[in-house]
K.L.:
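Sharing a structure, written as structure tokens. Questions coming.
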Amino acid sequence: MTSTTRVVVIGGGMAGARLARRLTAGTGPGAPAAPVTVTVIGEEPHPPYNRVLLAEVLAGRYAPEVIALPAPGGAVDWRGGVRVVRIDRDVRRVVCDDGREVPYDALVLATGANPVLPPLRGLFTARGHGVPDDLPDGVHPFRTLDDCRALAAAVRPGTPAVVIGGGLLGVSAARALAGRGAQVVLAHQGEHLMERHLDPDAARLLGEHLAALGIEVHTECRVRGLETADGAARAVELADGYRLDAEVVVLACGVRPRTGLARATGLDVGRGIRVDDSLRTSDPDIFAVGDCAEHHGTVYGLAGAAQEQADALARVLTGPPPAPAPYTGTRALTRLTLAGHRTPTAPFDLAAFGETTPLPGDDVVRLSDATRTAYRKVVVRGDRLVGGILLGDLGTVGALARTWEGDEQLPAAPLLHLLTTDGGF
């Protein structure tokens, strides 16, 4: 590219902000080889922030400004509180809800994901269009900084709260609400907590930790409906008829890629917006990164993948020929710290990566110490580490993660050394 390229990014979240910073990095190593102008159009009015740390804000450990991401700088035309309503591919421009039209040479969809709102009886008000604005008072998704602030304002010591969903987000939300003094019940439909990341033994230790913090945990528990009075939540009804009092209900039932804009403009969409190894969609001038993107059948929904995709796309858009190395996927590690807050309980760390369910012929090494709420498990296939779960002291997680991410050959030593840092547990 010899002339200035107009890059428009739809979405001001972690992926969009990362890409904008990379595209306007200035001079020096890693700087763009071709001149670009960058416009970011984001629906949230706030500056970009680290969504991973929202639970820490809800718990009161961090102020909202602490989780702010580095500003992209004056070289970026950042338009917050604006929604794109249409993409005109023929003339390469986007149309915003404020009436403005923005032309592009390269368009990037970083639209993220929406919280899944379960089909519960009584969940939506009479306006009932199935969007968060139609939820009864006291019912909150947990996806944005505004969601976090609304929850913090609604909770006081002793408030009965029900969190629906026992995945990573639900566990984080339950712990944060308990830290604010709420009386928390965690209702999870699966057989055990965080089943996407943990095995039953690890989930049991996690449940014991939550119970020690006063959180009542129910697994294999299906929520049927919501009871309201005067437009506000009063209780959650389970499938077996049991009723849980609730002034605050948190919906932590997962997220769904935001693909409506891409679908409306005729792009190839599966679970997410389908992209190739250059993060390019079915339109050669339109790209997608982050939680909305589907790469070779995978929608990652993880901050690490969003950052790697943004970095790769910055190289694609600005790198000199020949084409830069493509994006080949992310080997993602999930990590969660349930830090003590207004409680003497020690912090509880968790990490999971790769394939944690062994196949026939795999070697499994497991160490457990219930008295210290510590658990370590790795899965080895041949001479490669393919997955692991760590709870408690995570002193070994760095070395294990590097070995797994690099797909390195394991040394010819007893497998036990993988789980120990000093020859012992």
K.L.:
Is the shortest side-chain heavy-atom distance between Pro326 and Arg280 below 4.5 Å?
P.N.:
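Heavy-atom side-chain distance check fails, nothing below 4.5 Å.
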K.L.:
Is Arg93 salt-bridged to Glu101, going by a charged N under 4.0 Å from an acidic O?
P.N.:
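Judged by the 4.0 Å cut-off on N to carboxylate O distance, Arg93 and Glu101 do form a salt bridge.
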K.L.:
With a 3.5 Å distance limit and no angle check, can you tell me whether His192 reaches the backbone of Leu198 through a side-chain donor-acceptor pair?
P.N.:
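It does hold such a pair.
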K.L.:
Indicate yes or no: at least one non-hydrogen side-chain atom of Tyr104 is less than 4.5 angstrom from one of Thr39.
P.N.:
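When only atoms from C-beta onward are counted, Thr39 and Tyr104 do not touch, as no gap falls below 4.5 Å.
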K.L.:
Does Arg6 offer a backbone N or O that forms a donor-acceptor pair with the side chain of Asp105 under 3.5 Å?
P.N.:
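Side chain of Asp105 to backbone of Arg6, a donor-acceptor pair under 3.5 Å: yes, one is there.
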K.L.:
Treating Arg175 as the side-chain partner and Leu210 as the backbone partner, does any N or O pair qualify as donor plus acceptor under 3.5 Å?
P.N.:
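Flag not set: sc Arg175 to bb Leu210 has no pair under 3.5 Å.
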K.L.:
For the residue pair Tyr327 and Tyr300, categorise the inter-ring angle as parallel (less than 30°), tilted (30 to 60°) or perpendicular (more than 60°).
P.N.:
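Rings of Tyr327 and Tyr300: perpendicular, over 60°.
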K.L.:
Pick from Val163, Leu151, Leu251: which one makes a side-chain contact (heavy atoms from CB on, under 4.5 Å) with Phe142?
P.N.:
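Only match with Phe142 under side-chain contact (heavy atoms from CB on, under 4.5 Å): Leu151.
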K.L.:
Hey, are the side chains of Arg366 and Tyr375 touching, using non-hydrogen atoms and a 4.5 Å cut-off?
P.N.:
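Yes. Closest side-chain heavy atoms under 4.5 Å.
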K.L.:
Is Asp291 paired with Arg51 through a side-chain N to carboxylate O contact shorter than 4.0 Å?
P.N.:
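A salt bridge is absent here (no side-chain N lies under 4.0 Å from a carboxylate O).
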K.L.:
Please report the shortest heavy-atom distance between Ala314 and Leu19, naming the atom on each side.
P.N.:
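Ala314 and Leu19 have their closest heavy atoms at N-CD1, 3.8 Å.
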K.L.:
What do the steps show when you test Ile87 against Leu109 for side chain to side chain contact (heavy atoms under 4.5 Å, CB included), and what is the final call?
P.N.:
CA-CA 11 Å; Ile87 300 171; Leu109 301 179; 4.0 Å; yes
K.L.:
Taking Arg89 for the side chain and Asp283 for the main chain, is one N or O donor matched with an acceptor at less than 3.5 Å?
P.N.:
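The answer is no, because no donor-acceptor pair under 3.5 Å joins these two groups.
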K.L.:
Are the side chains of Ser368 and Asp201 in touch, meaning some heavy atoms are under 4.5 Å apart?
P.N.:
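Sidechains of Asp201 and Ser368: no contact.
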K.L.:
Once rounded to the nearest 0.5 Å, what's the spacing between atom SG of Cys96 and atom CD1 of Ile41?
P.N.:
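Going from the SG atom of Cys96 to the CD1 atom of Ile41 covers 4.0 Å.
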K.L.:
Can you see which heavy atom on Leu120 is nearest to which on Val223, and at what distance?
P.N.:
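Shortest heavy-atom contact: CD2-O, 3.3 Å.
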K.L.:
Hey, does the side chain of Thr228 reach the backbone of Gly231 with a donor-acceptor pair shorter than 3.5 angstrom?
P.N.:
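Side chain of Thr228 to backbone of Gly231: no pair is present.
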K.L.:
For Val171, run the side-chain contact (heavy atoms from CB on, under 4.5 Å) check against His197, Met194, His188, His209 and tell me which one passes.
P.N.:
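When side-chain contact (heavy atoms from CB on, under 4.5 Å) is applied between Val171 and each of His197, Met194, His188, His209, only Met194 qualifies.
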K.L.:
Let me confirm one number: the CG-OG1 distance from Asp199 to Thr356, rounded to the nearest 0.5 Å.
P.N.:
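Between Asp199 CG and Thr356 OG1, I get 6.5 Å after rounding to 0.5 Å.
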K.L.:
If you count the non-hydrogen atoms of other residues, nucleotides and ligands that lie under 6.0 Å from CD in Glu191, is the total more than 12?
P.N.:
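Open: at most 12 neighbouring heavy atoms sit under 6.0 Å from CD of Glu191.
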K.L.:
Hey, is CZ on Arg86 packed in by over 12 heavy atoms from elsewhere, all under 6.0 Å?
P.N.:
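Atom CZ in Arg86 is not packed in, count stays at 12 or less.
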K.L.:
Is it true that a side-chain atom of Asp268 and a backbone atom of Arg274 form a donor plus acceptor pair closer than 3.5 Å?
P.N.:
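No; zero donor-acceptor contacts below 3.5 Å.
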K.L.:
Could you walk me through whether Asp77 and Thr37 pass the side chain to side chain contact (heavy atoms under 4.5 Å, CB included) test, one step at a time?
P.N.:
CA-CA 8 Å; Asp77 180 7; Thr37 63; over 6 Å; no
K.L.:
So, Glu216 side chain and Val185 main chain: donor-acceptor pair closer than 3.5 Å or not?
P.N.:
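Checking the backbone N and O of Val185 against the side chain of Glu216, no donor-acceptor pair under 3.5 Å is found.
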K.L.:
Would you call Arg180 and Thr159 a side-chain contact if the rule is heavy atoms closer than 4.5 Å?
P.N.:
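Sidechains of Thr159 and Arg180: no contact.
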K.L.:
Run the side chain to side chain contact (heavy atoms under 4.5 Å, CB included) check on Leu226 and Val236 step by step: do they pass?
P.N.:
CA-CA 5 Å; Leu226 184 71; Val236 168; 4.0 Å; yes
K.L.:
Taking all non-hydrogen atoms of both residues, which atom of Ala239 and which atom of Arg224 are closest, and how far apart?
P.N.:
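Smallest heavy-atom distance, with atoms named: O-NH1, 3.6 Å.
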K.L.:
Taking all non-hydrogen atoms of both residues into account, name the closest pair between Ala310 and Arg18 and its distance.
P.N.:
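Nearest pair, atom of Ala310 first, then Arg18: CB-CG, 3.6 Å.
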K.L.:
Can you tell me which residue among Val184, Leu186, Leu177 is in a side-chain contact (heavy atoms from CB on, under 4.5 Å) with Val250?
P.N.:
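Option passing the side-chain contact (heavy atoms from CB on, under 4.5 Å) with Val250: Leu177.
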K.L.:
May I ask you to say whether Glu405 pairs ionically with Arg331, meaning some side-chain N is under 4.0 Å from a carboxylate O?
P.N.:
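Salt bridge between Glu405 and Arg331, a charged N being under 4.0 Å from a carboxylate O: no.
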K.L.:
Is a side-chain N or O of Thr111 found less than 3.5 angstrom from the main chain of Cys292, in a donor-acceptor match?
P.N.:
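Flag not set: sc Thr111 to bb Cys292 has no pair under 3.5 Å.
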K.L.:
Walk me through it: do Asn50 and Tyr62 pass the test side-chain hydrogen bond (donor to acceptor under 3.5 Å, both in side chains)?
P.N.:
CA-CA 12 Å; Asn50 187 343; Tyr62 295 157; over 6 Å; no
K.L.:
Looking only at atom types and distance, does a side-chain atom of Asp276 sit under 3.5 Å from a main-chain N or O of Ser278, one as donor and one as acceptor?
P.N.:
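Between the backbone of Ser278 and the side chain of Asp276 there is a qualifying donor-acceptor contact (under 3.5 Å).
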K.L.:
Answer yes or no: is there a donor N or O on one side and an acceptor on the other, between the side chain of Glu355 and the main chain of Gly387, under 3.5 Å?
P.N.:
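Not at all, since once roles are kept as given, no pair shorter than 3.5 Å links the two residues.
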K.L.:
Any side-chain heavy atom of Thr403 sitting closer than 4.5 Å to one from Glu408?
P.N.:
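They are in side-chain contact.
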K.L.:
Can you tell me how far the CG atom of Leu145 sits from the CG atom of Leu53, to the nearest 0.5 Å?
P.N.:
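Those atoms lie 11.5 Å apart.
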K.L.:
Going through the checks in order, is the side chain to side chain contact (heavy atoms under 4.5 Å, CB included) test met by Asp147 and His140?
P.N.:
CA-CA 7 Å; Asp147 295 336; His140 303 266; 5.7 Å; no
K.L.:
Roughly how far apart are Asp362 CG and Arg381 CZ, rounded to 0.5 Å?
P.N.:
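Separation between the atoms: 4.0 Å.
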K.L.:
Any heavy-atom pair between the side chains of His295 and Asp277 that's under 4.5 Å?
P.N.:
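Contact flag for Asp277/His295 side chains = yes.
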K.L.:
I'd like to check Pro141 versus Leu135 (side-chain heavy atoms, cut-off strictly below 4.5 Å). Are they in contact?
P.N.:
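Touching, per the 4.5 Å side-chain cut-off.
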K.L.:
For a salt bridge (charged side-chain N to carboxylate O under 4.0 Å, His left out) with Glu43, tell me which candidate from Arg79, Arg258, Arg143 qualifies.
P.N.:
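That would be Arg258.
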K.L.:
Minimum heavy-atom separation for Ala187 to Cys221, with atom names?
P.N.:
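That closest heavy-atom pairing would be CB-SG, 4.0 Å.
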K.L.:
To the closest 0.5 Å, what do you measure between CD (Gln307) and CG (Leu302)?
P.N.:
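Reported to 0.5 Å precision, the distance equals 10.5 Å.
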K.L.:
CG/Leu385 to CZ/Phe353 distance, rounded to the nearest 0.5 angstrom?
P.N.:
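Separation between the atoms: 5.0 Å.
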K.L.:
What heavy-atom pair brings Ala305 and Thr330 nearest, and what distance separates the two atoms?
P.N.:
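Residues Ala305 and Thr330, closest heavy atoms: CA-OG1, 3.5 Å.
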